[in-house]
Amino acid sequence: MSRVLITSALPYANGPIHIGHLVEHVQTDVWARFRRLMGDEVLHLCADDTHGTGIELNARKEGITPEELVARSQREHERDFAAFGINFDSYYTTNSPENQELANLIYHALKDGGHIERKSSMQMYSESLGRFLPDRWVKGTCPKCGTPDQYGDQCGNCNTTYEPADLINPVDAIEGKTPVLRETEQLYVRLADFVGELERWVPEGVPQPAVRNFVDRWMEAGLADWCISRDAPYFGFEIPGETGKYFYVWLDAPVGYIATTKQLCDARGMNWRDWWDAGSDAEIVHVIGKDIVYFHTLFWPAMLHAAGLKQPSRVQAHGFLTVAGEKMSKSRGTFIRAEVWAEHLDPSYLRFYYATKLGNGIDDMDLNLEDFVNRVNSDLVNNAVNLASRVTKFIAARFDGQVCDFETANHPLCDDVASAVDQYRALMQDWDIRGATRLIAELGDKVNTYFQEAAPWALIKTDPAAAQECCSAALHAATVLMTLLSPIVPDVAAKYADAIGVDVLGLEHTSPAWRPALVAAPDSIISRVQPAAVDAVIEASKQAPTDDAVDDTSSADLEAIKPEISFDDFSKVDLRIGKVVSASEVEGARKLLQLTVDIGREINVFAGIRQAYPDPAVLVGASVVVVANLAPRKMRFGVSEGMLLATSAADDSGLQLVQVDPSALAGWTVR
RNA sequence: GGUGAUGUAGCUCAGCUGGUUAGAGCAAACGGCUCAUAUCCGUUAGGUCCGGGGUUCAAGUCCCUGCAUCACCA
């Protein structure tokens, strides 16, 4: 038996859990349950990440204290994870005494080891706010390409990185006032001190080739010093021995893994050091998104090493979630909160679907809604669940719930079943959850085929004993199937277990020698996904882009106003009301729609709005605004004789045509 | 801009260190069963393995190059 401590990255306490978070937590939970199934001792831990300027700012926006914000967030997060069957041994918070104590411990170890350095630098300071400004609180014109309204760390247009002070005409993003430069002294960890140690650790702790690639490149480029302090005011832990300095949130966030262990161990009368001391025999596994690989493969192992604590046995990274091939979007209704999903759709559906897509790589994963419905209905409900249902019901109805012995040697099923268990273990151990799911589906096919060909409903008329043997073998296979499925969809497995009189399915139930005492017909285990329910989730998730006060990207992402023009310039543009006569997709063009528009005469227009109007027919009859005197433009598909006014956010999300009241007639002038 | 990943059937993906005729599931068409949640079984059809070069007796697989998509940048 091994001991495994496994974590997901700590969700930031300033927003709701959404289906993107769940990719990670489902993956972690499936794996933790898998290890438990294999008989290992498992601690599955997580916590809210609660510090930093983001929390402070959001609390201020809402008029509550950071502590109140953080407490509410934790309640909501715990509720959402529980709804999805994420089975934490503890879900704690980084804003805890244990975390402060352990952060201090690690800091002292770094300091005593001579790895902390002081450096002073000039930083942007707002006199009216009385604080230094984080990079993204400063905006101004890019010093390289001249694009206005860029953040203080990187230009969104030319991607140049720079310091906030390099911006032309910098202003703070809160009040719009001009900040001053002021000298400040900060603490840095000399990460380069740990190069030797990291070179040793990385090959064992970072087994995924694609991730290893990243890390090796960073190591080759050289490790820069890491700034771990922030000036007051800051929501976080004050640095011992300093005045007005706080730990940067990324210093104490991963320490939350240990703090949560300590809190749990204290409650259970265990010692956290049994898990985290350098000599511990426990496996420590961190599941993270690929965006935070740097922290978990360089900073974190270095910190742990300095403090004489155990480094991760494995850092397991995953890609991001897209929905329908695109980033989650509030306006498209694909920014789906866990809470909203659970209101309309069974969480097991999502767990299963993610399992069919989670491999060992860091490729992004797409939630394709049509594929989702097909996959869940065919592979889970029709294949596996229906199999469990048909076999148990048959035995309950025809054999009074009794199974009998059957010959396992040379049985058409038994070898396949046994080898499936072995393959499953190997695939899961290597984080190929998708492979394991495929294996389960294949096994389901085999058992269904066996049952179909053995046809016990016919056989029972001539040879009831043989029919019972065949059903008993099928039940054995179905039990194995449900056991292998249990880490992925525990609720489904639990209902099956109930039908065969078992508390929790375990490895012992996968033996062909095991017999249930009595087989009952199960209650409806899980029903098929209703496509209408999927539509309802999307509908319920749609919101205006500016609707969400918690999201800080709203006003910040507006495009800059263009240079001034004269009235004469403006009056050169002839805008007319147009009525859409017809609209259709353009063969071979991904973004274009072809429209015929009546502006007093009919013109042909190509518009790059297909993504916003997947069904062009809805546009017919719409009253739109057309630039009527734009020079015709020859495109690959024909000539475009006008342009339609449209609006969208800076990143093209929320794209829509500008439409006017239908009482305006075709050809009217817009002025 | 730097770096990484991906591109195989309508969809989602397998194809290990190069080796018969490129596979599976779903979706489609047809046939069969009736124990089961209209489920299950069988058959058929579906591919310029992103494009262009190259190495090799042999390339989806290796090398170069181009294109497209996605991501990360402490």
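Because only heavy atoms are used, hydrogens play no part in the values below, and waters and symmetry mates are left out as well, while side chains stay in. Given the structure is predicted, the values throughout are model-derived calculations rather than measurements.
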Is the side chain of [X] donor-acceptor paired with the backbone N or O of [Y] at a distance under 3.5 Å, no angle test?
X       : Y       : value
W201(A) : A302(A) : no
N377(A) : V529(A) : yes
N383(A) : A441(A) : yes
S389(A) : V385(A) : no

Please work out whether the ring planes of [X] and [Y] are parallel, tilted or perpendicular, with thresholds of 30° and 60°.
X       : Y       : value
W341(A) : F372(A) : perpendicular
H318(A) : F320(A) : perpendicular
Y257(A) : H286(A) : parallel
Y246(A) : Y234(A) : tilted

(message) Check the phosphate of rC40(B) against N383(A), side-chain N and O only, distance under 4.0 Å to OP1 or OP2. Yes or no?
(response)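 No, N383(A) has no side-chain N/O under 4.0 Å of OP1/OP2 on rC40(B).
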(message) Whether K290(A) contacts rC73(B) is assessed here as follows: a side-chain N or O lying under 4.0 Å from the phosphate OP1 or OP2. Is that the case?
(response)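 Answer is no, no contact under 4.0 Å.
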Rounded off to whole Å, could you give me the [atom1]-to-[atom2] distance for the [X] and [N] pair?
X       : N       : atom1 : atom2 : answer
N374(A) : rG10(B) : CG    : C1'   : 12 Å
N386(A) : rC26(B) : CG    : C1'   : 17 Å
H318(A) : rC70(B) : NE2   : C1'   : 16 Å
E442(A) : rA24(B) : CD    : P     : 11 Å
D445(A) : rA36(B) : CG    : P     : 21 Å
Y496(A) : rA36(B) : OH    : P     : 16 Å
F214(A) : rG4(B)  : CZ    : P     : 8 Å

(request) Find which nucleotide of RNA chain B each of T449(A) and F299(A) is nearest to by heavy atoms, and output the residue with the more 5' nucleotide. (result)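 Between the two, 5'-proximity favours T449(A).
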(request) On RNA chain B, check which nucleotide each of S378(A) and I292(A) is closest to and give me the residue with the more 5' one. (result) S378(A)
Sugar-phosphate only, base, or nothing, as touched by [X] at under 4.0 Å among non-hydrogen atoms:
X       : value
I526(A) : base
N448(A) : sugar-phosphate
F451(A) : base
I525(A) : base
V385(A) : base

With rounding to whole Å, what would you report as the distance between [N] and [M] at their [atom1] atoms?
N       : M       : atom1 : value
rG66(B) : rA45(B) : P     : 41 Å
rG47(B) : rG10(B) : P     : 7 Å
rG15(B) : rA59(B) : C1'   : 14 Å
rC63(B) : rC70(B) : C1'   : 25 Å
rU69(B) : rC57(B) : C1'   : 37 Å
rA71(B) : rG54(B) : C1'   : 31 Å
rA38(B) : rA22(B) : P     : 39 Å
rA28(B) : rA68(B) : C1'   : 29 Å

Quick test: give all pairs of protein nitrogen or oxygen and nucleotides 31-34 of chain B nitrogen or oxygen below 3.5 Å, distance rounded to 0.1 Å.
none

(message) Starting the side chain at C-beta, find the nucleotide from rG25(B), rU3(B), rA5(B) nearest to D379(A).
(response)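 Per side-chain heavy atoms of D379(A), the pick is rG25(B).
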Once you apply the 3.5 Å cut-off to both distances, tell me the Watson-Crick or G-U wobble partner of [N], or none.
N       : answer
rU6(B)  : rA68(B)
rA14(B) : none
rU56(B) : none
rU21(B) : none
rG47(B) : none
rC30(B) : rG42(B)
rA36(B) : none

(request) Just label rG7(B) as syn or anti from its O4'-C1'-N9-C4 or O4'-C1'-N1-C2 angle, using within 90° of 0 for syn. (result)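 With its glycosidic angle more than 90° from zero, rG7(B) counts as anti.
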Restricting to nitrogen or oxygen on both sides, can you table the protein-nucleotides 12-15 of chain B pairs closer than 3.5 Å?
| from | atom 1 | to | atom 2 | distance (Å) |
| --- | --- | --- | --- | --- |
| rU12(B) | O3' | K357(A) | NZ | 2.8 |
| rC13(B) | O2' | R438(A) | NH1 | 3.0 |
| rA14(B) | OP1 | R434(A) | NH1 | 3.4 |
| rA14(B) | OP1 | R434(A) | NH2 | 2.5 |

Output a table of nitrogen or oxygen pairs between the protein and nucleotides 62-64 of chain B separated by less than 3.5 Å.
none

Under 4.5 Å between any side-chain heavy atoms of [X] and [Y], yes or no?
X       : Y       : answer
I526(A) : V489(A) : no
N360(A) : Q316(A) : yes
Y107(A) : I228(A) : yes

(request) Starting at CH2 of W457(A), measure out to SG of C471(A) and round the result to the nearest 0.5 Å. (result) 9.0 Å
(request) Taking the six-membered ring for Trp and the single ring otherwise, decide whether the centroids of F299(A) and W250(A) are under 6.0 Å apart. (result)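 No, ring centres 6.0 Å or more apart.
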(request) Could you give me the CA-CA distance, side-chain angles and deciding distance for K357(A) and D366(A), then say whether salt bridge (charged side-chain N to carboxylate O under 4.0 Å, His left out) is met? (result) CA-CA 8 Å; K357(A) 311 211 67 155; D366(A) 188 44; 5.7 Å; no
